[in-house]
Protein chains: 2
Amino acid sequence: MLDERKTAILRAVVEEYIATASPVGSTHIANAQGVKVSSATVRNEMAVLEQEGYLAQPHTSAGRIPTDRGYRFFVDHMVAPGQLDSEASQQVGAFFDTAHGRLEELLHQTTNLLAHVTHHAAVVVGPRGETAVVRSVQVVGLGGRAATVVAVLSNGTVENEQIELQGEMSEVRLSAVSAHLQAHLPGRTLDSGRDVPATGDVELDNVCSIAIQSLATSAADEPVFVGGAASMARAFDAVDTVRSVLHTLEQQYVLVSLVRDVLSRGLSVAIGAEHGVAPLVSCSVIVKPVFVDGEQVGTVGVLGPTRMDYPQAMATVEVVSDRLGRRLSDGGSN
Amino acid sequence: MLDERKTAILRAVVEEYIATASPVGSTHIANAQGVKVSSATVRNEMAVLEQEGYLAQPHTSAGRIPTDRGYRFFVDHMVAPGQLDSEASQQVGAFFDTAHGRLEELLHQTTNLLAHVTHHAAVVVGPRGETAVVRSVQVVGLGGRAATVVAVLSNGTVENEQIELQGEMSEVRLSAVSAHLQAHLPGRTLDSGRDVPATGDVELDNVCSIAIQSLATSAADEPVFVGGAASMARAFDAVDTVRSVLHTLEQQYVLVSLVRDVLSRGLSVAIGAEHGVAPLVSCSVIVKPVFVDGEQVGTVGVLGPTRMDYPQAMATVEVVSDRLGRRLSDGGSN
DNA sequence: GCTGGCACTCGGTAGCCTGGAGTGCCAATG
DNA sequence: CATTGGCACTCCAGGCTACCGAGTGCCAGC
């Protein structure tokens, strides 16, 4: 554990570096408020902080920059729950006051909101439909052998898949399928849909199982939305870094497992190498699950350079996750 | 119009520049196949081509690079309809053979396919639901005052919106809404849905109109999918260009109107400044509408640096648009 | 009309230098 | 004895120069 003075110095380094993005020297620190010693003392302390792994020097005779560990300490011990500055919270408020429409669209928009407020990339992972209960199902013919099967789930999601019929079916027969599914599926999860009783009519049963099968498959993977990826180009000036980060951001499964992984370790912030995704070593992630009636329906987060403004970003994610949850739980009036 | 020799020289410059990305000098051209004159002659011809606006010199004593006009001539007069190289067409084939699922997902995947094959950013604009005819509608309560309204359209799209009821409604009353809509909406466009006859029950009519209203709104704007934006970071090495291009790519409405605009001018390729979107001056777009049964259901395209491999990109877009159309028209067996 | 030759141009790279910011260490100090 | 002012040292960033090479434009000769 660090004594008070080291803490103050570390804080000053982190804050200065976040603000200026260039290594910070002892003199700046000595002038910073909260530090009341001379630059020489600061130098000594910084040398110690470096040995202990909180700071690093890009090269001799340069200032210090925080290491992942330094940021970690900063985040764990120095970021007060704090609240959002008024402009940002106004933007968030305005967004949720006017937001409407379907879940997917809302999540997508949330991504833009987060990106816009934090100036970082935003990631929103939607609910997976697997565990949700079916409210309603319907099969609709589209002419020829194509049909669409639509399910409304209890969490508000709508899953729909296009299926191909083995042969043409009349409207009447298709409504029979619809009716059968509608009679047996609601109240169950899509996953458990397999054991819907048979009708005895081979063709109908066949369509039923195809329909359930495709719905279950499509519900199995959670939708991911990414917004503001372009801000990564602003965050780094090494083109190579930009390339690799952007490339990684496009691989949605990487993002999903990153987010899942961070949450499963009980973290809400993963700094640099902590999250273990190599191309994103120079990035930090802040995530927060979204709960509706105690059930997790998704995750919101931002992803930015390790030298991001943690207090602001954490507060934003916090507020957005909260408002989004409330927004979803009561369908609009909050 | 250019004589044969100038044509050959221009072609050589374009091809060389596309391949190497650096200004090409007279000596290279003289060695290129298809050009049988000395470098001195090439120099003279290039000077003329420059005066006529087909080539430009970054600075005195550098090689020439094609101007937008140069690319335009190349595209118009030198790109044979040609076909895709076998590896690429195999990738496309494999994709459409295994692709399945709902329209949106398919379009999204198409975006990745295009990006992957061409190594450029891909843009896919989906169908707008306005003009499509409703096949089926349903209103499903979600508990409390929330409800979801789902419509299956004739083009295979599923529109769904969450709506907020003025007060709680029983399942029975909601199914009454469903039934009423289902009785009157199918066969019409969502746009014309406003004049569905009233039931006389104020509450029901109210819900009906809200439902139709939200569906119509959500159907009005076409979905846009962008993939492979990260490749722009590979295409340019000026960080600023990357920033502005990426930023522009995130503004979906810009993309939609860009695509629409290019198509409406009857073009399939827009080069550099031709498309009039300032931040994308160093980019070209190749678009192709997707038709299903003679009706346009969307547009696929790629967006890359003006010095992109036009023949390859054009062929890819062509093939993908075609296969996608066939894929959509018969629900899977092509 | 084409071509070889030549003088000229100009950007990019490498090498050099210098100024400044920063460090580490030490001796002095309260 | 912790703190501090001072000092010698380090090293990067940026400006300067020189040079090389690729390329051009022009001209005289074929």
Asker: Starting at atom OH of B/Tyr17, determine the distance to atom P of D/dA22, rounded to an integer number of angstrom.
Answerer: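 Roughly 19 Å, once rounded to whole Å.
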Asker: Using a 4.0 Å heavy-atom cut-off across all strands, classify A/Ala40 as base, sugar-phosphate, or nothing.
Answerer: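 Base contact.
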Asker: Any idea which of D/dT4, D/dG25, C/dG24 is nearest the B/Arg64 side chain?
Answerer: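 When the side chain of B/Arg64 is considered, D/dG25 is the closest of D/dT4, D/dG25, C/dG24.
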Asker: If you compare all heavy atoms of A/Cys283 against all heavy atoms of A/Val245, which two are closest, and at what distance to 0.1 Å?
Answerer: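 Shortest heavy-atom contact: SG-CG2, 4.1 Å.
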Asker: Taking the side chain of B/Arg43 as its heavy atoms from C-beta onward, which of D/dT3, D/dG25, C/dT23 lies nearest to it?
Answerer: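 Closest nucleotide to the B/Arg43 side chain: D/dG25.
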Asker: Please determine whether a side-chain nitrogen of the Lys or Arg among A/Asp68 and A/Arg72 lies less than 4.0 Å from a carboxylate oxygen of the Asp or Glu.
Answerer: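 Salt bridge absent between A/Asp68 and A/Arg72.
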Asker: Using whole Å, report how far CG of A/Asn31 lies from P of C/dG22.
Answerer: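 Taking CG of A/Asn31 and P of C/dG22, I get 11 Å after rounding.
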Asker: Rounded to whole Å, how long is the line connecting atom CD of A/Gln57 with atom C1' of D/dC9?
Answerer: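 One finds 13 Å between C1' of D/dC9 and CD of A/Gln57, rounded.
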Asker: Write down the distance between CD1 (A/Ile65) and C1' (D/dC12), rounded to a whole number of angstrom.
Answerer: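 Value for this atom pair: 15 Å.
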Asker: Under 4.0 Å: is that the gap between some side-chain N or O of B/Thr41 and OP1 or OP2 of C/dT3?
Answerer: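 For C/dT3, OP1 or OP2 has a side-chain N or O of B/Thr41 closer than 4.0 Å.
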Asker: When you get a sec, tell me which of C/dG22, C/dT23, C/dG4 is the closest nucleotide to the side chain of A/His28?
Answerer: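 Out of C/dG22, C/dT23, C/dG4, the nucleotide with an atom closest to A/His28's side chain is C/dG22.
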Asker: Does a side-chain N or O of A/Ser39 approach OP1 or OP2 of D/dT4 to a distance below 4.0 Å, or not?
Answerer: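 No.
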Asker: Do A/Tyr310 and A/Ser284 get their side chains close enough for a donor-acceptor pair, meaning under 3.5 Å?
Answerer: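 A/Ser284 and A/Tyr310 do have a side-chain donor-acceptor pair below 3.5 Å.
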Asker: Let me know, please, whether B/Asn44 or B/Ser61 comes out on the 5' side of the other along DNA chain D by nearest nucleotide.
Answerer: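 Of the two residues, B/Ser61 wins.
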Asker: Does the pair B/Arg265/B/Asp261 count as a salt bridge with the N-to-O cut at 4.0 Å?
Answerer: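 Looking at B/Asp261 together with B/Arg265, the answer is yes, because their closest N to O distance falls below 4.0 Å.
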Asker: For D/dC11 and A/Thr60 - does any side-chain N or O of the residue sit under 4.0 Å from the phosphate oxygens OP1/OP2?
Answerer: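 Yes.
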Asker: Between atom CD1 in A/Ile9 and atom P in C/dG22, what is the gap in whole Å?
Answerer: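 To the nearest whole Å, that distance equals 15 Å.
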Asker: What's the CD-P distance between B/Glu45 and D/dG23, to the nearest Å?
Answerer: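 Roughly 19 Å, once rounded to whole Å.
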Asker: Can you check the B/Ile29 CD1 to D/dT24 C1' distance for me, whole Å?
Answerer: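 The distance from CD1 of B/Ile29 to C1' of D/dT24 comes to 14 Å, rounded to the nearest Å.
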Asker: Between C/dG11, D/dC11, C/dG24, which nucleotide gets closest to the side-chain atoms of B/His59?
Answerer: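 That would be C/dG11.
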Asker: Where the side chain of B/Arg5 is defined as all heavy atoms beyond and including C-beta, which of C/dC2, D/dT10, C/dG22 is the nearest nucleotide?
Answerer: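 Between C/dC2, D/dT10, C/dG22, the one nearest the side chain of B/Arg5 would be C/dC2.
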Asker: I want to check one thing: is the phosphate of C/dT3, taken as OP1 and OP2, less than 4.0 Å away from some side-chain N or O of B/Ser38?
Answerer: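 Yes.
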Asker: Using whole Å, report how far CD of A/Glu50 lies from P of C/dG22.
Answerer: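 Rounded to the whole Å, the gap is 15 Å.
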Asker: Parallel, tilted or perpendicular for A/Tyr71 and A/Tyr17, by the 30°/60° rule?
Answerer: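 Aromatic pair A/Tyr71/A/Tyr17 classed tilted.
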